[in-house]
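Note that the structure is predicted; figures quoted are calculated from it, not measured. In listed order, ligands and their atoms are each counted from 1. What's counted below: heavy atoms across the whole structure, side chains too, no hydrogens, waters or symmetry copies.
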Amino acid sequence: MDKEKLIIFDTTLRDGEQSPGASMTRDEKIRIARALEAMKVDIIEAGFPIASDGDFEAVKAVAEIVRDSTVCGLARAVKKDIERAGEAIKPANSGRIHTFLATSPIHMKHKLRMTPDEVVEAAVKAVRMARAYTDNIEFSPEDAGRSEPDFLCRIIEAVIAEGATTINIPDTVGYNIPHQFGELIKQLIERVPNSDKAVFSVHCHNDLGLAVANSLSAVLAGARQVECTINGLGERAGNASLEEIIMAVRTRKDAFPCDSTLDTTQILTCSKLVAGITGFNVQPNKAIVGANAFAHESGIHQDGVLKSRETYEIMRPQDVGWATNRLVLGKHSGRNAFKTRMTELNIDFSSEQELNEVFIRFKTLADKKHDIFDEDLQALVTESALDTENESIKLVSLRVCCETGETPNATMTLNINGKEQKAESAGDGPVDACFKAIEKITATGVNLQLYSVNAITTGTDSQGEVTVRVEKDGYIVNGQGADTDIVIASAKSYINALNKVINNSGRTHPQTGDV
Ligand code: KIV
Ligand code: ZN
């Protein structure tokens with residue numbers, strides 16, 4: 001590459017996971033991390049290890065498995081966080097600690113209740129502590145987008161002098177606009193005397209829909225690392241979307257002085273995997289990965305594209321993985337073909353038993369559905385993980401009666417901690433009846449906030465993938481379920497959410513938890 005390198009720091013597993021309901025299990029994080037590594041992401045921020053024992057184990061597992069990408073753990077600028085992050089990334093081939101402390105007047109005064117001098121001192125101390133674990137240290141002045149540039153220069157100079165190798169400038173609340181944010185980055189690089197000793201990075205939130213624009217403006221101003229997430233997942237309105245950043249820089253080579261080394265053909269696989277695991281479906285008109293992103297509807301457009309692709313297409317769909325969405329397996333495919341395709345999709349099984357279990361599910365699905373696509377295989381793995389991980393409630397059987405002019409009725413048997421229980425309920429529709437029957441048995445008292453159904457592939461034999469979001473005492477989780485029968489998929493997703501509510505482990509949020 002004759003251009004400077006643009007480092008891609010993916011934070012889907014950390015900031016992405018901070019979206020309400022998007023929390024991921026250890027195994028889900030491992031699957032996504034493998035896909036990110038296959039896409040050649042430079043740095044994977046795997047989580048916030050102090051948040052809970054589960055988070056610590058997840059970051060450690062990613063650090064053990066990922067070999068080619070750097071694995072990063074987030075830590076507030078305090079000893080216990082840094083120690084935990086340092087321990088979690090220890091097994092990594094290449095590990096990074098990302099420590100942060102707020103620098104905006106509003107955050108220092110109201111959240112931290114610290115003076116600017118105390119903030120500088122704590123930041124320097126945090127970097128010093130992190131050096132006991134790694135030389136690869138990133139420091140973020142949180143809410144930099146609303147911080148005073150003079151103060152930013154002071155703290156950045158101090159942490160670089162202490163050994164920080166990446167300085168990340170977050171627009172934490174998504175307040176900035178492109179030309180101002182670019183100007184801030186330019187100023188910091190010019191004014192901080194030792195700025196040449198660190199890579200400048202940006203981390204933009206999308207509250208005003210400007211995360212990608214702000215990130216690209218920063219790149220033009222000298223930033224050489226961008227923090228982003230698959231599908232733009234992230235706190236509130238999300239983070240800058242990885243696929244949009246990459247494809248903007250790739251497509252407009254003429255406009256950017258740098259490029260990434262990412263394998264863009266893996267983008268769609270990653271997008272679908274993250275959507276499937278988190279239940280955050282991608283809107284059809286989403287750039288790059290939306291179902292309509294390369295679909296030309298009007299006759300004029302189609303005519304133009306058929307004559308010459310460049311008339312209406314600025315990118316080739318196959319460059320981001322659309323053409324690889326092919327039929328892979330069917331009813332007669334054997335175990336070897338199944339295993340080979342799973343390996344191609346970066347899905348590894350921890351044991352022969354796990355492989356056999358998923359293979360049996362594959363055979364059952366292939367009996368119901370003629371064509372099995374990559375998305376079906378990913379959904380099978382998600383499903384089997386759901387069954388094995390800490391499920392207190394399991395679906396045993398479901399019978400639903402629907403008839404024109406009659407009230408739908410559901411009869412449900414669940415296994416709760418090893419004991420079968422049965423209930424019957426009427427409802428406005430089959431799904432409503434089903435959820436009411438589940439609630440009769442479990443009496444969880446959750447509030448349903450979202451119910452959405454998505455066809456995993458095309459055709460009426462497609463599996464339906466259902467996402468529900470439920471809330472209990474302020475704790476929000478998403479549940480997923482897939483099946484060729486959407487009522488069964490709905491029941492599975494609701495049960496999955498209830499299991500997560502029951503297993504709520506009380507995690508600490510990096511930006512609101514007490515230090
Ligand atoms: O948005 C933010 O400021 C963050 C920091 C932890 C970098 O996510
Ligand atoms: Zn963030």
Side-chain angles (χ1 to χ4, degrees), residues 7-20 22-23 43-51 55 59 72-78 81-82 84-85 96-108 110-112 119 122-123 126-127 130 137-147 151-152 155-156 159 164-176 181 184-185 188 198-212 214-215 218 223 225-242 245 507-515:
I7 299 167
I8 299 301
F9 177 114
D10 181 279
T11 183
T12 307
L13 302 181
R14 198 278 297 171
D15 213 318
E17 202 198 17
Q18 285 172 218
S19 301
S23 64
I43 299 146
I44 299 172
E45 188 165 49
F48 179 46
I50 194 79
D55 287 70
V59 177
C72 176
L74 182 71
R76 291 166 298 189
V78 288
D81 283 37
I82 291 167
R84 209 68 177 136
R96 171 181 292 190
I97 294 178
H98 174 192
T99 185
F100 71 100
L101 191 59
T103 50
S104 63
I106 190 165
H107 274 226
M108 289 193 288
H110 298 291
K111 184 175 98 165
L112 299 177
V119 167
V127 172
I137 301 162
E138 172 169 326
F139 175 76
S140 292
E142 190 193 2
D143 203 18
R146 291 189 300 171
S147 302
F151 184 57
L152 283 178
I155 196 164
I156 290 169
V159 293
T165 44
T166 299
I167 298 298
N168 177 48
I169 306 300
D171 179 15
T172 303
V173 292
Y175 176 73
N176 283 246
F181 194 59
L184 174 67
I185 302 302
L188 295 176
V199 172
F200 276 69
S201 163
V202 287
H203 173 114
C204 297
H205 278 273
N206 206 28
D207 299 66
L208 293 173
L210 293 171
V212 169
N214 283 333
S215 305
Q225 175 180 290
V226 175
E227 301 201 354
C228 44
T229 57
I230 303 291
N231 300 338
L233 194 70
E235 190 92 59
R236 306 182 308 279
N239 289 65
S241 130
L242 176 144
I245 302 264
R507 306 160 76 213
T508 306
H509 185 290
Q511 286 151 298
T512 53
D514 293 333
V515 176

Are any non-hydrogen side-chain atoms of His98 and Thr11 less than 4.5 angstrom apart? no
Can you confirm whether Ile169 sits close enough to Pro141 that some side-chain heavy atom of one is under 4.5 Å from a side-chain heavy atom of the other? yes
Shortest-distance N, O or S atom of His203 relative to the Zn ion (ligand 2): NE2
So if I count the atoms of ligand 1 from 1 in the order they appear, which ones are less than 4.0 Å from some heavy atom of His205? 1 (O)
Any ion pair linking Arg146 and Asp143 (charged N to carboxylate O, less than 4.0 Å)? yes
Which atoms from ligand 1 have a heavy atom of Asp15 less than 4.0 Å away? 8 (O)
Polar contact flag for His203 and ligand 1 (N/O pairs, less than 3.5 Å): yes
Between His203 and Glu45, a side-chain donor and acceptor under 3.5 Å: no
The Zn ion (ligand 2) and Asp15: any N/O/S contact shorter than 2.8 Å? yes
Picking from Leu101, Thr165, Ile97, what satisfies side-chain contact (heavy atoms from CB on, under 4.5 Å) with Phe139? Leu101
What I want to know is whether Asp143 and ligand 1 share at least one N or O pair that is separated by under 3.5 angstrom. no
With heavy-atom distances below 4.0 Å as the criterion, list the atoms of ligand 1 near His98. 7 (C)
Within-4.5 Å side-chain heavy-atom neighbours: Ile155 and Val119: yes
Can you find an N/O atom of Asn168 closer than 3.5 Å to an N/O atom of ligand 1? no
Of all the heavy atoms in Arg14, does at least one lie under 4.0 Å from an atom in ligand 1? yes
Any heavy atom of Gln511 under 4.0 Å from ligand 1? The part involved is side chain
Can you sort out which atoms of ligand 1 are near Glu142, meaning under 4.0 Å from one of its heavy atoms? 3 (O)
Distance, nearest 0.5 Å, that separates OG of Ser201 from CZ of Phe9: 7.0 Å
Neighbour count >12 (heavy atoms, 6.0 Å) for atom OH, Tyr175: no
At a 4.0 Å threshold, what atoms of ligand 1 neighbour a non-hydrogen atom of Thr172? 1 (O), 2 (C), 3 (O)
Does Glu227 reach ligand 1, in the sense of a heavy atom lying below 4.0 Å from it? no
State whether the side chain of Ser104 and the backbone N or O of His107 hold a donor-acceptor pair below 3.5 Å, judged by distance alone. yes
Where on Glu235 is there a heavy atom closer than 4.0 Å to ligand 1, on the side chain, on the backbone, on both, or on neither? neither
